[in-house]
Amino acid sequence: MSSKTSGLKGRAELGVALLLGAAGVLVFLDANGLSTPYSHTDPVGPKTVPFIVAGLLVVCAVLLAVNVLRGGKGEAEGGEDVELGHPADWKTVLPLAGAFILNILLIDWAGWVISGTVLFWGSLLALGSRHYVRDGIISVLLSLLTFYGFYLGLGIALPAGLLEGIL
Amino acid sequence: MDVWSSLMDGFATALTPMNFLYAVIGVILGTAVGVLPGLGPAMTVALLLPVTYALEPTSAFIMFAGIYYGGMYGGSTTSILLNTPGESSSVVTAIEGNKMAKAGRAAQALATAAIGSFVAGTIGTTLLAVCAPIVVQFAVSLGSPSYFAIMLLALLAVTAVLGSSRLRGFAALALGLAIGLVGIDSVTGQRRLTFGQPLLADGLDIVVVAVAIFAVGEALWVAAHLRRTPLHVIPVGRPWMGKKDWQRSWKPWLRGTVFGFPFGALPAGGAEIPTFLSYVTEKRLSKHPEEFGKGAIEGVAGPEAANNAAAAGTLTPMLALGLPTNATAAVMLAAFTGYGIQPGPQLFSSEGPLVWALIASLFIGNLLLLLINLPLAPLWAKLLQLPRPYLYAGILFFATLGAYSVNLQAFDLVILLVLGALGFMMRRFGLPVLPLILGVILGPRLEGQLRKTLQLSAGDPAGLWSEPIAVGIYIIIGLILLWPLAYKLIRRNRPQNSSLLPANSGAADYSD
C-alpha cells in the first residue's frame, strides 16, 4: 500500500475516535441530567453505570486517536466476497442505502409489497445486476410471497398500504 | 441417572414429527448459509429470530441448534473449495483443505471434515450434557457478587483476548454498553439516552441491533468491496475416504475434540485458538510432516474436529450460566429473552424440558448433518456460484423484513440503517463486532447484578468481593489485563525463543 493511501486512511480513522468521544460526552451529559434522590434500596442509582461507560468511551477515543496518530491502523475485515485491494466503492453503497431509505419512506404508506419490491429491485440494480425485467418479476414475487407467507404462516399482517383491498 | 432420563425426555420431545421437521430445516438452512459467502450462523439466527417468535420456543430452539452446527459445517466446505475462509474459526482448515482440493482430493477433505465434525460434535454434546448440570449445581450457590464478576470476566476476556487490537475491542465494547443503556432504567424508571423519543423508551430491540450489525453492516461492507475477479470454485463429487485416510484421520479427530471443548467452554475460548493448536500438534505428531503445506489430511481432520467441539463447548456456559461467548450463542441468548425466558443457572430447573430438547436436538442435528451433507456436497458447491447481487440484495431484503416485523414500526428501520452504518464503519476500521453485541446483551444484566450486590451490602463497595469465587475471578481478570505487559517482559528477556503462537493467541496461557 502506498504511503498516500495509508495517510488518508489514518485520517479517516480519527473520525472513529471522534465518534467515540462524542458518544462518551453524550452518555455523560444524558446521565448528568437525571435527577435522582439517594435511596437506600438502590445505592448505585441509574447514573453510575452510564458514567463508567462514558469514561470508557472517552478513554478509548483518546487512546485510539493517539494510536492512529502514531501510525496504528485498524485491520479492515476480509471475507469470501471481499477484495480489499481497491478503495470503498461508494457508487454501489450509496444507491444501496438509497433503496433502503426509499423502503423506509414507502413502507407505511405504500405497503410492504410495493416498498419491498422497490428495495429488492433497487438493491439488485445497485449491486450491478442488469437483468431489469427478470429482476423486477423476481422482486414482485418475493414481496408477494413474504407478504402472504407472514400473514398466513405467522399471523403477522404486514402493511398492505395502497394495495389495501386488492391483496 | 437423572441426566439420562432428562435427556431421554429431551429426545422424546425433539423427535415428534413437527420438531424433527424443524431440526431438518435448521440443519439444511444452517449448512446453506454456512456455505454461502457473507452469511454466518449468527446472522442467520438473527434474521430468523422475528420469524420464530410465532413458533413454540422449543421448536425454535431445535431449529437454532440445527443452524448452529450446520453453519459450522458449511463454513468448512467454503474454506476447502474456495480457500477464502468466511469465519476466523475455519482459517486453519483452509490451509490444508484447499491444498487437498487443488490436488484433486476435495472429496477426501470434505469427508474427513464431515465425519470429524460428527465425531467431535457428538463427543462435545455428550460432554455438554454431562458438564452443564454440574456447572449449574455449582452456580446456583453463587450470589450476585460472583455473577457480576463472572459476567465482567466474560466481557473483558472476549474483548481483550480475541481480535488483533485490544484497544479497538474495548472501543467496540464501550459502544455496545452505551447502546445497552438506551431505554427506561428498570429500577428507578428514569429514561436514559432516549432524547425524548417515546419509541426509544423500551430500549433498542436486540433483534434489530443484531440484524443491523450482522446483516446490514455486512451487506453494505461487502457491497463496497465486492470482488471483481470471480472466485474459482473447485468442483467436487460425493465425499468419500479410503482406508488409509481413515487411519490417518481418527486420531486427529479425537485430539482436536480434546483441544476444542475446553476452549469453547471458557469465557473467552472461541474456536480460533484450539483449531490452531490442533494444527500445530498434528504437524508435530504426523508421520508425514512433509505433506503439511501441500495438503495433509491430518491438517483438516484435527482443526475441523476442534472447531466443532468448541462449538459444543460454547453452549455449556450459555445454557448453564447464561453467558454467551461467541456471536451465535449471543444471538441465541437474545432469543431466550425474546421468549420471556430468563437465562442463567435457573434455566435448567425452570425450562428443563426445553433445555434437554435442545441438547437432544444437537445430537440429532449432528447425525442429520452427516447423512445430509455427504450426498449433498456437490449441490452445496453449486450454491457457491449464486450471483452476488441476488445474495446481498436478499440479505438486505430479509433483514428489513425481519426487523420490521418485530414491532411493525418504520422507526425500527431507521435504527437498522443507522446501526448498519455503524457495523460498516466497524468493519472498515477493524473494530470487532462480538464485544459490541456482548456489551448490548450483557451490559444491562451486569448493571442489574451490580446494583443488587451493592443493595445487599448497603452501598459498601466491599460487597463486590464478599464471595471467594468473585475474588478468584477478579484475580483472573487482572491477569488477563496485565498479560500483554508480562508477555513483553518475557519476550525481552528471551528474545531468541520464537513463539509458535501468533501474538494475539496468548489466551492459551490462562486456560488453567
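Below, chain A is the first sequence line, B the second, and so on; all start at residue 1. All values reported here derive from a predicted model rather than from experimental measurement.
- Both the backbone and the side chain of B/Leu193 come within contact range of chain A, with heavy atoms under 4.5 Å apart.
- Between the side chain of B/Arg192 and the backbone N or O of A/Asp30 there is no donor-acceptor pair closer than 3.5 Å.
- Using cut-offs of 30° and 60° for the angle between ring planes, the A/Phe120 and B/Phe397 rings count as perpendicular.
- With B/Trp221 contributing its side chain and A/Ala76 its backbone, the two residues share no donor-acceptor pair below 3.5 Å.
- Highest contact tally toward chain A, considering only B/Gly430, B/Ala410, B/Gly420, B/Pro389, is held by B/Pro389 [criterion: heavy-atom pairs under 4.5 Å].
- Closest approach of B/Phe429 to A/Glu13, counting heavy atoms only: CD2-CG, 3.4 Å.
- Here the shortest heavy-atom pairing between A/Lys73 and B/Arg168 reads C-NH2, 3.5 Å.
- The greatest number of non-hydrogen atom pairs below 4.5 Å with chain A, out of B/Gln409, B/Met426, B/Glu447, is found for B/Glu447.
- For B/Leu422, the part sitting under 4.5 Å from any heavy atom of chain A is the side chain, from C-beta outward, and nothing else.
- For B/Arg428 against A/Ala12, the heavy-atom pair with the smallest separation is NH2-CB, 4.5 Å.
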Side-chain donor-acceptor pairs of residues 141-167 of chain A under 3.5 Å, sequence neighbours excluded:
unit_1	atom_1	unit_2	atom_2	d
A/Ser143	OG	A/Thr117	N	3.0
A/Ser143	OG	A/Thr117	OG1	3.2
A/Ser143	OG	A/Ser139	O	3.0
A/Thr146	OG1	A/Trp112	NE1	3.1
A/Thr146	OG1	A/Leu142	O	2.9
A/Thr146	OG1	A/Ser143	O	2.9

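- If you measure heavy-atom distances from B/Leu431 to chain A, the contacts under 4.5 Å come from the side chain alone.
- Looking at B/Arg427, the atoms closer than 4.5 Å to chain A (heavy atoms on both sides) sit in the backbone and in the side chain alike.
- For A/Pro43 against B/Leu454, the heavy-atom pair with the smallest separation is CG-O, 3.3 Å.
- At a 4.5 Å heavy-atom cutoff, the contact between B/Val414 and chain A is made by backbone and side-chain atoms alike.
- No hydrogens or angles considered: a donor-acceptor pair under 3.5 Å links the side chains of B/Tyr392 and A/Asp81.
- Counting only residues at least two apart or on different chains, no salt bridge (charged side-chain N to carboxylate O under 4.0 Å, His left out) pair has a member in residues 92-113 of chain A.
- Of the atoms belonging to B/Phe398, it is side-chain heavy atoms, and not backbone ones, that fall under 4.5 Å from chain A.
- Of the atoms belonging to B/Thr188, it is side-chain heavy atoms, and not backbone ones, that fall under 4.5 Å from chain A.
- The candidate with the highest count of non-hydrogen atom pairs below 4.5 Å against chain A, out of B/Arg191, B/Gln455, B/His225, is B/His225.
- Minimum heavy-atom separation, B/Leu167 to A/Cys60: CD1-O, 4.1 Å.
- In terms of heavy-atom pairs under 4.5 angstrom with chain A, the leader among B/Leu177, B/Leu401, B/Leu220 is B/Leu401.
- Using a 4.5 Å cut-off between heavy atoms, A/Ile138 touches chain B through its side chain atoms alone.
- Highest contact tally toward chain A, considering only B/Thr400, B/Leu408, B/Leu384, B/Asp185, is held by B/Thr400 [criterion: heavy-atom pairs under 4.5 Å].
- Counting heavy-atom pairs under 4.5 Å between each of B/Gly394, B/Gly180, B/Ala171 and chain A puts B/Ala171 at the top.
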Please assess A/Leu127 against B/Tyr390 for the test side chain to side chain contact (heavy atoms under 4.5 Å, CB included), listing each intermediate value before the final yes or no.
-> CA-CA 9 Å; A/Leu127 286 162; B/Tyr390 288 94; over 6 Å; no
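- Contact detail for A/Pro46 and B/Gln190: the closest heavy-atom pair is CG-CG, 4.2 Å.
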